[in-house]
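If you read the sequence from its start, that first residue is 1, and numbering goes on from there. Owing to the predicted nature of the structure, the values given are computational and were not obtained by experimental measurement.
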Amino acid sequence: MIAAMTLPKQKVAMETVELSVSYNGKPALKSVSLAFPANAVTALIGPSGCGKSTLLRCLNRMNDRIPGAEITGKVMLNGEDIYARRVNLTRLRREVGMVFQKPNPFPMSIFENVALGPRLHYGLRGRALQEVVEDALRKAALWDEVKDELHKSGLALSGGQQQRLCIARMLAVQPRILLMDEPCSALDPISTQKIEELIVELGKQYTVIVVTHNLQQAARISHYTGFLMYGELVEWGETRQVFENPTRPETEDYIRGRFG
């Protein structure tokens with residue numbers, strides 16, 4: 001419907017160009033062109049089945065793992081299409097990290113959950129590894145709650161703590177872009193508030209792209225919002241503009257709760 005771009009002078013961290021996805025021949029995403037601003041939070045909203053999670057998974061090639069998925073178009077990062085054959089997937093997913101809807105800590109200690117990535121990717125050991133783990137847990141607003149029990153299993157934490165542990169695990173490998181697919185949908189209101197506050201803080205240092213069904217959440221945490229429907233990008237812009245003065249009637253109908 002539209003080819004959305006960022007505001008003038010806003011640095012672009014990642015960009016899709018005519019991106020389309022189908023599953024076993026059924027279209028899920030239709031020619032979406034969208035530039036994600038750097039060091040800001042972008043929310044992707046829309047009714048169930050509109051393509052927002054499909055779009056998110058395209059940004060670090062998670063759809064590669066889905067049988068029957070066919071992808072055309074480009075996703076540009078650092079001037080290169082991430083779907084080019086020469087792209088190293090391990091390096092890509094280190095640079096573009098992802099947190100899923102349901103917390104999925106590894107069945108190991110809190111420390112090992114966070115340490116595993118930097119140990120494997122960068123060969124860190126000893127004090128250097130401990131510093132990276134502490135820094136990641138601090139950035140995930142979890143350090144003060146777990147610093148005296150790092151030996152404890154990550155599975156023993158509460159749901160909200162587990163999600164922050166997964167965020168710390170992602171941050172430990174030093175990504176530039178953070179993808180979050182409904183990161184609060186399985187959490188209680190108090191945990192949700194902590195994750196929202198964390199996303200706002202992370203948006204000052206990272207490019208954060210969040211899929212959410214919660215319109216109030218999108219309004220609270222994001223700088224920019226993209227509205228998708230039937231696999232197409234209907235509207236994109238600054239969050240306040242999208243919510244208070246949408247340019248498309250479909251967007252206003254969705255924001256006002258007339259469908260979805």
Side-chain angles (χ1 to χ4, degrees), residues 11 13-14 36-42 56 59-60 62 77-78 88-184 186-187 190-210 220-223:
K11 182 179 179 181
M14 198 173 206
F36 295 99
N39 302 113
V41 179
T42 297
L56 194 75
L59 301 182
N60 71 347
M62 293 297 292
L77 176 68
N78 300 329
N88 183 303
L89 285 182
T90 299
R91 186 177 304 161
L92 169 66
R93 290 172 182 154
R94 186 174 65 207
E95 190 166 0
V96 185
M98 190 162 189
V99 170
F100 298 92
Q101 182 174 359
K102 184 178 179 181
N104 60 342
F106 300 140
M108 54 182 65
S109 72
I110 294 168
F111 182 88
E112 286 300 321
N113 262 275
V114 184
L116 184 63
R119 185 187 289 124
L120 291 175
H121 288 292
Y122 306 116
L124 296 183
R125 299 289 188 276
R127 182 60 186 168
L129 182 60
Q130 293 174 15
E131 290 176 352
V132 167
V133 170
E134 179 177 342
D135 181 64
L137 287 168
R138 285 188 182 279
K139 287 180 177 177
L142 189 58
W143 174 254
D144 289 340
E145 298 172 36
V146 303
K147 61 183 178 182
D148 296 324
E149 46 187 13
L150 295 176
H151 62 282
K152 185 176 179 180
S153 172
L155 297 173
L157 297 174
S158 70
Q161 289 175 322
Q162 286 186 18
Q163 192 66 298
R164 281 181 283 150
L165 178 62
C166 292
I167 293 172
R169 187 175 69 196
M170 173 176 61
L171 296 176
V173 296
Q174 302 174 27
R176 293 176 54 228
I177 298 173
L178 314 181
L179 310 179
M180 299 187 181
D181 192 1
E182 294 279 356
C184 303
L187 304 180
I190 294 176
S191 296
T192 293
Q193 182 180 356
K194 289 184 178 181
I195 296 293
E196 288 185 1
E197 291 172 350
L198 175 58
I199 290 171
V200 171
E201 284 301 310
L202 291 173
K204 298 174 182 178
Q205 185 176 354
Y206 301 90
T207 300
V208 185
I209 305 168
V210 182
R220 286 192 296 265
I221 68 173
S222 67
H223 304 93

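- Applying the salt bridge (charged side-chain N to carboxylate O under 4.0 Å, His left out) test to pairs two or more places apart or on separate chains, those with a residue in residues 102-115 are Glu112-Arg119.
- Heavy atoms only, all atoms of each residue included: Val132 and Ala172 are closest at CG1-O, 3.7 Å.
- Judged as a side chain to side chain contact (heavy atoms under 4.5 Å, CB included), and not counting sequence neighbours, the contacts of Glu149 are His151, Lys152.
- Tyr206 contributes atom OH, which lies 12.0 Å from atom CD of Glu201 (distance to the nearest 0.5 angstrom).
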Using side-chain contact (heavy atoms from CB on, under 4.5 Å), reason through Leu137 and Leu150 one step at a time and then give a plain yes or no. CA-CA 10 Å; Leu137 287 168; Leu150 295 176; 3.8 Å; yes

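- At least one side-chain heavy atom of Leu202 sits under 4.5 Å from a side-chain heavy atom of Met180.
- For the atom pair CZ of Arg220 and CD1 of Ile199, the computed distance is 10.5 Å after rounding to the nearest 0.5 Å.
- Between the SG atom of Cys184 and the CD1 atom of Ile221 there is a distance of 7.0 Å, given to the nearest 0.5 Å.
- With rounding to the nearest 0.5 angstrom, the CD atom of Gln101 is 10.0 Å from the CG atom of Leu187.
- Side-chain atoms of Gln130 and Glu134 include no donor-acceptor pair closer than 3.5 Å.
- The residue from Leu171, Ile167, Thr207, Val99 that alone fulfils the side-chain contact (heavy atoms from CB on, under 4.5 Å) condition with Leu178 is Leu171.
- Summarising the geometry, atom NE2 belonging to His223 is positioned 8.5 Å from atom NZ belonging to Lys204; distances are rounded to the nearest 0.5 Å.
- Looking at Leu179 and Met62, their side chains never come closer than 4.5 Å, going by heavy atoms from C-beta outward.
- For Leu77 against Ile177, the heavy-atom pair with the smallest separation is CD1-CD1, 3.7 Å.
- To the nearest 0.5 Å, the span separating CE on Met170 from CZ on Phe100 amounts to 10.0 Å.
- Not a single donor-acceptor pair under 3.5 Å links the side chain of Asn113 to the backbone N or O of Cys166.
- Residues Pro105 and Leu165 come closest through the heavy atom pair CB-CD2, 4.0 Å.
- Under a 3.5 Å cut-off, the side chain of Gln162 and the backbone N or O of Leu157 do form a donor-acceptor pair.
- Under a 3.5 Å cut-off, the side chain of Gln163 and the backbone N or O of Pro183 do form a donor-acceptor pair.
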Check against side-chain contact (heavy atoms from CB on, under 4.5 Å), Thr192 and Ile195: CA-CA 5 Å; Thr192 293; Ile195 296 293; 5.8 Å; no

Full working for side-chain hydrogen bond (donor to acceptor under 3.5 Å, both in side chains) between Arg169 and Asn104: CA-CA 11 Å; Arg169 187 175 69 196; Asn104 60 342; 3.1 Å; yes

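- Here the closest non-hydrogen pair linking Val41 and Gly203 is CG2-CA, 3.7 Å.
- Between Ala136 and Val114, the closest heavy-atom pair is CB-CG1, 3.8 Å.
- Leu198 approaches Lys139 most closely through the heavy-atom pair CD1-O, 2.9 Å.
- Judged by distance alone, with hydrogens and angles left aside, the side-chain atoms of Tyr122 form a donor-acceptor pair with the main-chain N or O of Val173 at under 3.5 Å.
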